[in-house]
> 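Have a look at this one.
Predicted model only: the values in this text are computed from it and were never measured. Every heavy atom of this structure was used, including side-chain atoms; hydrogens, water molecules and symmetry mates were not. Counting convention: from 1, in listed order, for ligands and their atoms alike. Along the sequence shown, the residues carry numbers beginning at 1.
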Amino acid sequence: MFVSENLDVNSAGHLTIGGADTVELAKEYGTPLYVMDEQLIRDNLRRFHDSMNKYYDGKGEVHFAGKAFSCMEMCRIVADEGDGLDAVSIGELYTAFKAGFPMEKVGFHGNNKTDEELRFAVEHGVGHIIVDNISELQRLEKIAGDSGVRPNIMFRIKPGIDAHTHDFVKTGQIDSKFGFALETGEAFEAVKEAVSCENVNLYGLHCHIGSQIFDIAPFEEAARVMLGFISEIREKLGYEIEGLNLGGGFGIRYTEKDDPSPFETYLEKVSDVVKSECSRLGIKLPKMFIEPGRSIVASAGITLYTVGARKEIPNIRTYISIDGGMADSPRYILYGSEYDAIVANKADQDKTEKVTIAGRCCESGDLIGENMKLQHAESGDIIAVCATGAYNYSMSSNYNRLQKPAVVFVNNGASRIAVKRESLDDIIRNDI
Ligand SMILES: *Cc1c(COP(=O)(O)O)cnc(C)c1O
């Protein structure tokens, strides 16, 4: 009935998430409101790390991609589950550090890290830094030398696989701002340089082939390409690469049209490919890392809004205006991403209308979606937009000087605030 397994209807006809009544949540915390289901987040992390243990003999780590959803409470949950974290900025590193996250389980990404960020990562003992380009390698070599800490690094590689939601192409795609190209020899030259660096330890290789990918084949192909490169490095340089990081990108269900492969199948198949390729090439089984972001948090989240105006334009469309929009939910205006929505206080009723849900920002493109099936919605109703746990809060802005919503975690019917709603004084806090 609902796109996400943690949604249900209670006897009052209200939508529930993780056992909590969404209409009550809206009343208690106000709207717009991000609601995250802690149990589903934990279940998703466990599905990944349990199958990593089962199919890859415990020789792997799951690193949650913090860019999908980062706050201190999320870092605490990931740490409590024993998983790692992938961070892409000093802000994400700082959030993890302040939350007491074990920094040796953090991977630090970014295609243009600043010296300040590299220094912070080195000084706080980040587990590995994923180096994107030669200038970064050279700057890091110097920063590490000054600090006296010898960080582990991985190289970000472009494996030449361009994965879309439903298929993939082998492009030899070198037109990307991320990482080193294989075909041109750029990656090999970088490895040679890193091997001779005194202050950094070349530990592994990394690739990330895209996002919201439903098929397993592109991941298998990426693993083959990467292992081929590991084998080449061993043959030509006699150097053993210990870690293989295959990135994230596993698809989730946003609407009933989406049908992603289960995470378990992904890990089973990719582990098989890695093991058989390693024995074929005669190389040591690397430690494997994966970096799921969306697949951990997207389905665990919903956003609650209050309906304001209802505008029926005869023969054209009906606009349902809500008290949020592109500032808290930017994926429609950015990518045209589709979502499923429910009138939370009428969740037991049929969806009888097709509407456009519009935000409150001064942009006509500020929509949550068009042609969305919905129960009849009127002023004062609560609308829940589903599967918003990834890339909504983390991409939110203060456009139109709107205050960012609060984030509430629910767990088996109970709720607690994890990020406070911004106040008006927060809006002007840096103004002089
Ligand atoms: C974005 C990103 C991820 C996470 O991607 P999801 O699609 O959210 O799983 C992981 N690793 C890297 C390097 C990324 O850029």
Side-chain angles (χ1 to χ4, degrees), residues 36 40-41 44-45 47-49 51-52 60-70 74 78 83-89 91-93 96 105-113 117 121 126-133 136 153-159 161-166 168 173 176-180 204-216 218-219 222-223 226 243-254 258 260-263 266-267 270 288-301 330-331 334-335 337 387-395:
M36 301 294 289
L40 187 55
I41 292 171
N44 287 338
L45 286 166
R47 284 177 64 191
F48 275 108
H49 66 227
S51 26
M52 180 75 97
E61 275 183 29
V62 176
H63 283 203
F64 168 65
K67 75 176 195 231
F69 176 81
S70 172
M74 183 64 197
V78 176
D83 295 312
L85 189 73
D86 139 17
V88 295
S89 71
E92 286 185 12
L93 289 175
K105 282 198 157 181
V106 176
F108 183 36
H109 279 280
N111 68 302
N112 196 21
K113 304 176 189 77
E117 289 181 311
V126 159
H128 54 259
I129 298 174
I130 295 97
V131 172
D132 177 272
N133 55 71
E136 182 185 333
I153 65 163
M154 293 194 182
F155 274 136
R156 173 140 187 181
I157 305 293
K158 301 181 213 185
I161 289 159
D162 192 3
H164 302 281
T165 304
H166 295 294
F168 74 99
Q173 170 225 16
S176 162
K177 72 169 182 175
F178 296 106
F180 296 92
L205 299 179
H206 170 280
C207 69
H208 172 72
I209 57 172
S211 210
Q212 184 62 356
I213 302 169
F214 287 0
D215 282 347
I216 296 171
F219 292 108
M226 297 294 281
L244 173 61
N245 188 329
L246 293 172
F250 321 111
I252 71 108
R253 196 153 184 251
Y254 280 108
D258 298 330
S261 310
F263 315 150
Y266 161 80
L267 272 162
V270 172
M288 184 155 85
F289 298 79
I290 56 165
E291 301 171 328
R294 184 192 313 275
S295 47
I296 302 294
V297 284
S299 305
R331 290 184 67 258
L334 280 174
Y335 321 112
S337 308
T388 57
Y391 304 108
N392 275 257
Y393 170 66
S394 67
M395 282 187 157

> Under 30°, 30 to 60°, or over 60°: which ring-plane class applies to Phe180 and Phe155, parallel, tilted or perpendicular?
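Taking Phe155 first and then Phe180, their aromatic rings stand perpendicular (interplane angle over 60°).
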> Does Asp86 reach the side chain of Asn245, with side-chain heavy atoms less than 4.5 Å apart?
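With C-beta onward as the side chain, the pair stays apart.
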> List, pair by pair, the atoms of ligand 1 and of the protein that are both N or O and lie under 3.5 Å apart, giving the separation rounded to 0.1 Å.
unit_1   : atom_1 : unit_2 : atom_2 : d
ligand 1 : 7 (O)  : Ser211 : OG     : 2.3
ligand 1 : 8 (O)  : Arg294 : N      : 2.7
ligand 1 : 8 (O)  : Tyr391 : OH     : 2.6
ligand 1 : 9 (O)  : Gly249 : N      : 2.8
ligand 1 : 9 (O)  : Gly293 : N      : 2.9
ligand 1 : 11 (N) : Asp86  : OD2    : 3.3
ligand 1 : 11 (N) : Glu291 : OE1    : 2.7
ligand 1 : 15 (O) : Lys67  : NZ     : 2.6

> Output the distance between atom CZ (Arg156) and atom CG (Asp132), rounded to the nearest 0.5 Å.
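If we round to the nearest 0.5 Å, Arg156:CZ and Asp132:CG are 7.0 Å apart.
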> Parallel, tilted or perpendicular for Phe289 and His63, by the 30°/60° rule?
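Ring orientation of Phe289 relative to His63: perpendicular.
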> Could you measure the distance from the CG atom of Leu244 to the CG atom of Leu205? Nearest 0.5 Å is fine.
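Answer rounded to 0.5 Å: 7.0 Å.
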> Are Glu136 and Lys113 ion-paired here, with the side-chain N under 4.0 Å from a carboxylate O?
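The answer is yes: the pair qualifies as a salt bridge.
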